[in-house]
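See below for the structure under consideration.
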Amino acid sequence: MDALTDEELLVLLKRGREDAFATLYDRHRRGLFLFLSRMCQSRPLAEEMLQDVLFKVARSAASYEPRGRFKPWLYRIATNHCLNVLASRAQRSCRQTVPLAALETAGDAERLLSGPPGESEAQGRVEAGEVRAAVRTALAGLDPRHRSALLLRELERMSIQEIAQTLDLPQGTVKTYIHRGREKLRRRLIASEVTDERGAVR
Amino acid sequence: MIDCGVFRALLWARADGELEEDVAGRLRKHLAVCAACRAEQSRIDEIRQALGEGPDDEPPGPWVLERVKARLAAVPAAATGDVLSPEELAAMLKVPVEEIYERLDELPAFEFAGRVRFSKRSIERWIGAQEDRWRSQVLSAAARPGRS
């Protein structure tokens with residue numbers, strides 16, 4: 001099983017081989033789960049979506065055409081599912097996103113727990129936590145489509161062409177999405193650096 | 001001398017591993033003397049690190065696969081073929097079969113040997129289109145200002 005490519009495994013899955021499904025799962029669960037976690041910023045929701053995506057993969061295996069590559073196909077299913085779930089949740093909660101609020105509180109908690117800055121080690125940890133919080137807050141603020149393009153690039157190291165194929169978008173659009181996403185993350189990071197410096201003056 | 005703007009544009013390209021060796025060399029030399037560009041580089045590193053896998057991102061264990069298998073086993077065999085009869089489509093959409101016959105003109109159907117059949121792929125695409133339509137209806141209804 002291990003010697004087979006993803007595409008060959010999917011053909012086996014298509015013929016009803018369950019062990020092929022398990023091997024595919026082992027190969028992609030780490031990347032897929034990270035992608036889903038970053039898309040929705042909530043572990044329980046990501047776990048739920050992981051199951052939904054795997055279910056859809058198994059059900060859609062029959063319509064998979066062996067000409068295409070497996071990974072864009074997999075992430076296409078994952079992204080579509082994610083965007084649907086996020087859109088319906090956004091409708092329900094009317095812009096009030098719980099994961100984002102939770103993130104900001106998490107940053108506060110981290111700051112409180114580490115106590116007053118003094119020891120350089122503790123300070124380093126707070127800063128790392130703040131950077132992570134700033135980047136992830138900015139990530140949560142991106143349009144979900146921009147976010148998916150950026151994450152496929154950053155986490156899966158997909159080429160622009162593969163991302164275009166996965167998201168069914170022109171390559172130029174993909175480049176724009178990634179560029180805008182990175183720029184927003186960068187600006188949020190710079191803003192947090194400025195706040196840090198102001199805090200340090202006191 | 002090339003200004004920093006050019007080098008900054010190259011930093012992401014380098015992070016993506018898409019820089020020619022000679023350009024990468026010039027960028028390295030510039031970074032050695034330019035603190036502002038080094039700060040920019042460390043922002044890119046920080047963004048990368050924040051997006052990447054952390055200790056909280058350990059994927060769930062084998063129980064996920066077991067649950068998915070259980071869900072797959074629970075799906076009625078009716079909807080697993082590539083071509084569906086009206087009865088199978090009714091079971092898949094969880095509506096009485098009469099609804100299917102009544103709304104044949106809305107559905108992607110075909111006739112073969114005097115029988116109505118549906119391609120599962122067309123039905124799935126059709127469902128996707130319905131979802132999009134419904135979503136845009138809900139969204140435009142939500143965007144409309146309330147009458148006073």
Side-chain angles (χ1 to χ4, degrees), chain A residues 18 21-22 25-26 28-34 36-38 43 46-48 50-60 62-63 80 84 87-88 90-91 94 127-129 131-136 138-139 150-151 153-155 157 159-160 178-179 181-183 185-190 193, chain B residues 8-9 11-13 15-18 39-40 42-75 79-83 92 119-122 124-125 127-128 131-132 134-139 141-143:
Chain A
E18 266 201 8
F21 191 45
Y25 174 66
D26 275 343
H28 294 282
R29 67 184 185 119
R30 194 162 278 277
L32 191 56
F33 183 66
L34 187 61
L36 295 171
S37 301
R38 291 290 178 274
R43 188 178 172 100
E47 285 181 352
E48 200 181 305
L50 181 65
Q51 293 174 59
D52 294 338
V53 169
L54 292 170
F55 180 77
K56 286 187 179 186
V57 163
R59 292 299 304 275
S60 319
S63 64
N80 284 342
N84 283 336
S88 66
Q91 266 171 31
C94 260
E127 274 166 23
V131 164
R132 206 185 313 127
V135 171
R136 294 198 187 163
L139 186 70
L150 181 66
L151 289 174
R153 185 72 165 150
E154 293 295 334
L155 303 178
R157 320 294 310 147
S159 68
I160 299 293
I178 293 172
H179 178 73
R182 284 173 168 173
E183 196 49 38
L185 263 47
R186 180 180 159 268
R187 264 184 263 141
R188 183 69 176 75
L189 198 56
I190 292 172
E193 286 165 14
Chain B
R8 289 194 194 168
L11 287 173
W12 274 113
D16 288 336
E18 283 173 355
E40 201 56 45
S42 67
R43 278 183 203 118
I44 291 175
D45 295 340
E46 282 169 347
I47 289 173
R48 279 271 152 101
Q49 214 176 349
L51 293 181
E53 197 178 306
D56 304 335
D57 300 312
E58 194 55 34
W63 62 267
V64 168
L65 203 56
E66 294 312 313
R67 279 206 203 162
V68 174
K69 281 184 190 165
R71 258 170 82 181
L72 286 167
V75 173
T80 52
D82 286 342
V83 171
M92 179 181 159
S119 141
K120 189 149 164 267
R121 286 180 73 182
S122 305
E124 278 164 354
R125 270 200 296 272
I127 291 175
E131 287 171 343
D132 291 344
W134 186 77
R135 191 181 311 134
S136 64
Q137 274 173 2
V138 173
L139 284 178

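Naming convention: chains lettered A, B, ... in sequence-line order (proteins, then strands); numbering from 1 in each chain.
Here CD of Gln51(A) is found 10.0 Å from CG of Leu65(B). Values are rounded to the nearest 0.5 Å. Glu193(A) contributes atom CD, which lies 7.0 Å from atom OG of Ser42(B) (distance to the nearest 0.5 angstrom). Atom CG of Leu51(B) and atom CZ of Arg153(A) lie 13.5 Å apart (nearest 0.5 Å).
Using a 4.5 Å cut-off between heavy atoms, Arg43(B) touches chain A through backbone and side chain atoms alike. Contact annotation for Ala22(A): both backbone and side-chain heavy atoms come within less than 4.5 Å of a heavy atom of chain B. Contact of Leu185(A) with chain B is made through backbone and side chain together, with heavy-atom distances under 4.5 Å. Contact of Arg29(A) with chain B is made through backbone and side chain together, with heavy-atom distances under 4.5 Å. Heavy atoms closer than 4.5 Å to chain A are found nowhere in Ala39(B), neither backbone nor side chain.
A salt bridge does not link Arg30(A) to Asp57(B): none of the charged nitrogens lies less than 4.0 Å from a carboxylate oxygen. A salt bridge links Glu183(A) with Arg187(A): at least one charged nitrogen is closer than 4.0 Å to a carboxylate oxygen. Here Arg48(B) pairs with Asp16(B) in a salt bridge; the nearest charged N to carboxylate O distance falls below 4.0 Å.
Top candidate by heavy-atom pairs under 4.5 Å with chain A, chosen from Gln49(B), Glu58(B), Glu18(B), Glu124(B), is Glu58(B). Of the residues considered (Leu36(A), Leu151(A), Asn80(A), Asp52(A)), Asp52(A) shows the highest number of contacts with chain B, using heavy-atom pairs under 4.5 Å. Taking Leu54(A), Leu150(A), Asp26(A) one by one and counting their heavy-atom pairs under 4.5 Å with chain B, the maximum is reached by Leu54(A). For the options Glu47(A), Glu18(A), Arg43(A), heavy-atom pairs under 4.5 Å to chain B are most numerous at Arg43(A).
Between the Arg186(A) side chain and the Glu40(B) main chain, no donor and acceptor come within less than 3.5 Å of each other.
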